[in-house]
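When reading the values below, keep in mind they use all heavy atoms of this one structure, side chains included, and skip hydrogens, waters and symmetry mates. Given the structure is predicted, the values throughout are model-derived calculations rather than measurements. Whatever order the structure lists them in is the order used to number ligands and atoms, beginning at 1.
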Amino acid sequence: MTKPTLLSGIQPSGDLMIGNYIGSIKNWVKMQDTNNCLFSLVNMHAITVEQNPEDLKKRTLDIAALYLASGIDPDKSSIFIQSHVSEHAELAWILNCTAYMGELNRMTQFKDKSSTHAQNINVGLFSYPVLMAADILLYQADKVPVGADQKQHLELTRDIATRFNNRFEQPIFKVPEPFIAPTTAGSRIMSLQDPTSKMSKSDANTNNFIGLLDHPKTILKKFKKAQTDSGLEISYDTVNKAGVSNLLTIYSVISGKSIEQVVKNFEGKMYGHLKVELGELVAEYLKPIQDNFYRIRKDEAELKAILAQGAKQAKNQAQATLQKVQQAIGFVLP
Ligand code: TYM
């Protein structure tokens with residue numbers, strides 16, 4: 001039996017934070033043995049917002065090293081930089097001719113980003129979900145493990161694939177299934193200072209997130225400062241106790257205990273206890289990942305060799321799909 005294909009990616013648009021880890025990487029690591037996995041550094045997506053070129057280069061390699069440091073194994077999975085596989089851009093153009101302006105206009109991420117980057121509402125920002133559809137459909141992916149914020153983009157990918165397939169007698173694309181954990185399992189980690197909005201790696205206020213490479217003292221300080229309510233009881237209630245509930249979710253995912261168990265452990269204790277214990281737990285959990293990161297990041301030649309190998313494997317699969325698409329739509333093949 002062939003293994004299902006799984007694809008996911010992260011934009012090098014900021015330093016990785018704990019929401020990215022819990023919402024995506026942590027799940028990827030577990031899925032590597034039973035799936036044919038491809039994990040991308042989607043740098044073409046990142047430039048929809050202006051990036052400093054040196055920072056973009058460094059962050060792309062940092063995130064690749066963090067994939068490895070977290071347990072993504074290049075012997076099991078292909079790790080690659082999106083721009084190394086030019087088929088992504090080629091398929092995106094073809095899919096641009098299948099996607100409708102109306103459906104892209106409804107994307108909430110586009111609406112959010114065009115309000116935060118009002119002076120740079122570029123065409124790429126608008127058609128970004130089409131590039132994301134190309135990323136996924138190129139590999140005939142069965143599953144796409146992501147956080148809850150990507151649900152709308154995945155629904156659009158499915159619509160584009162289905163519409164494209166319907167033009168032909170034989171389906172060209174596999175219609176992928178989203179793999180999104182429940183929110184109690186961390187698919188939507190919230191900002192520490194504003195627990196009504198999601199934690200984001202591109203947030204200008206670094207107190208809003210725990211960076212995967214944050215120093216233990218910084219981690220503790222950020223959790224201690226996290227916004228909670230004026231109540232006293234530690235309980236899970238995302239409406240009235242959004243801040244505490246977010247801390248409980250992080251505690252539960254990182255400790256491997258259920259939320260009920262965690263709430264029980266903190267019975268009769270104060271918010272301050274939860275914050276300190278959580279800070280210590282997360283710092284200890286991240287320590288081996290950080291140690292691995294600094295070791296792996298030192299050998300840039302080896303890191304680039306892993307990425308070159310990953311791109312080669314990805315390109316093989318991407319070329320086959322692109323050719324199938326080109327043939328179907330009437331492009332003369334060379
Ligand atoms: P990006 O780079 O914003 O985020 C990377 C992954 O982290 C998840 N995530 C979160 N999970 C839980 N809580 C949070 N606060 C949180 N913030 C981010 C995201 O859901 C994502 O899984 N468009 C994508 C990148 C992309 C992609 C793809 C993903 C491009 N092409 C193809 C999958 C397949 C994005 O902007 O993710």
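Note on ligand 1: Met17 sits in its first shell, one or more heavy atoms being nearer than 4.0 Å. Heavy atoms of Val144 come nearer than 4.0 angstrom to ligand 1 in at least one pair. At least one heavy atom of Gly186 sits closer than 4.0 Å to an atom of ligand 1.
For ligand 1, the atoms closer than 4.0 angstrom to any heavy atom of Leu7 are 32 (C), 34 (C). Taking a cut-off of under 4.0 Å to the non-hydrogen atoms of Gly23, the atoms of ligand 1 that pass are 11 (N), 12 (C). Near Met199, with a cut-off below 4.0 Å to any heavy atom, the atoms of ligand 1 are 14 (C), 15 (N), 17 (N).
Between Ser8 and ligand 1, a contact under 3.5 Å exists for no N or O pair. Taking any N or O of Asp135, backbone or side chain, at least one lies under 3.5 Å from an N or O belonging to ligand 1. By the 3.5 Å distance cut-off applied to N or O atoms, Asn20 is counted among the residues near ligand 1. Between Val146 and ligand 1, no N or O atom pair is found at a separation short of 3.5 Å.
Nearest protein heavy-atom contact of atom 10 (C) of ligand 1 is Gly19 O, 3.5 Å. Ranking the protein heavy atoms by distance from atom 22 (O) of ligand 1 puts Gly147 N, 3.1 Å first. Nearest non-hydrogen protein atom to atom 19 (C) of ligand 1 is Asp149 OD1, 3.4 Å. Here the heavy atom of the protein found nearest to atom 37 (O) of ligand 1 is Gln150 NE2, 3.8 Å. Looking from atom 3 (O) of ligand 1 to the surrounding protein, the closest heavy atom is Lys201 NZ, 3.6 Å. At the shortest separation from atom 25 (C) of ligand 1 among protein heavy atoms lies Gly9 O, 3.7 Å. The single protein non-hydrogen atom nearest to atom 13 (N) of ligand 1 is Ile189 N, 2.9 Å, given as residue, atom name and distance.
Considering only heavy atoms from C-beta on, His117 comes within 4.5 Å of Val49 through its side chain.
Of the heavy atoms in Val42, only side-chain atoms (C-beta onward) come closer than 4.0 Å to ligand 1. In Ser24, the part holding a heavy atom less than 4.0 Å from any atom of ligand 1 is the side chain. Neither the backbone nor the side chain of Ser40 has a heavy atom within less than 4.0 Å of ligand 1. Contacts of His45 with ligand 1, taken as heavy-atom pairs under 4.0 Å, involve the side chain alone. Within the 4.0 Å heavy-atom criterion, neither part of Leu131 lies near ligand 1.
Residues Ser200 and Phe209 share a closest heavy-atom pair of O-CD2, 3.3 Å.
Ion pairing between Lys57 and Glu54 holds under the 4.0 Å rule for side-chain N and carboxylate O.
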One pair to check against ring pair (Phe, Tyr, Trp, His ring centres under 6.0 Å): His273 and Phe266. What are the steps and the verdict?
CA-CA 8 Å; His273 291 121; Phe266 283 99; 7.9 Å; no

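When the shell of 6.0 Å around NZ of Lys111 is examined, it contains more than 12 heavy atoms from other residues, nucleotides or ligands. For CD of Glu284, the number of neighbouring non-hydrogen atoms (other residues, nucleotides, ligands) closer than 6.0 Å is 12 at most.
Using modelled atom types, one finds no donor on one side chain facing an acceptor on the other under 3.5 Å when comparing Asn166 with Arg163. Counted by atom type alone, Thr162 and Asn165 present zero donor-acceptor pairs between their side chains at under 3.5 Å. There is a side-chain donor-acceptor pair under 3.5 Å between Asn35 and Lys143. Under 3.5 Å, the side chains of Thr196 and Asp194 contain a donor-acceptor pair of N or O atoms. Side chains of Asn36 and Thr5: a donor on one and an acceptor on the other come within 3.5 Å.
Ring geometry for Tyr139 versus His88: interplanar angle of 30 to 60°, hence tilted.
The six-membered or imidazole ring of Phe110 lies away from that of His153, with a centre-to-centre distance of 6.0 Å or more.
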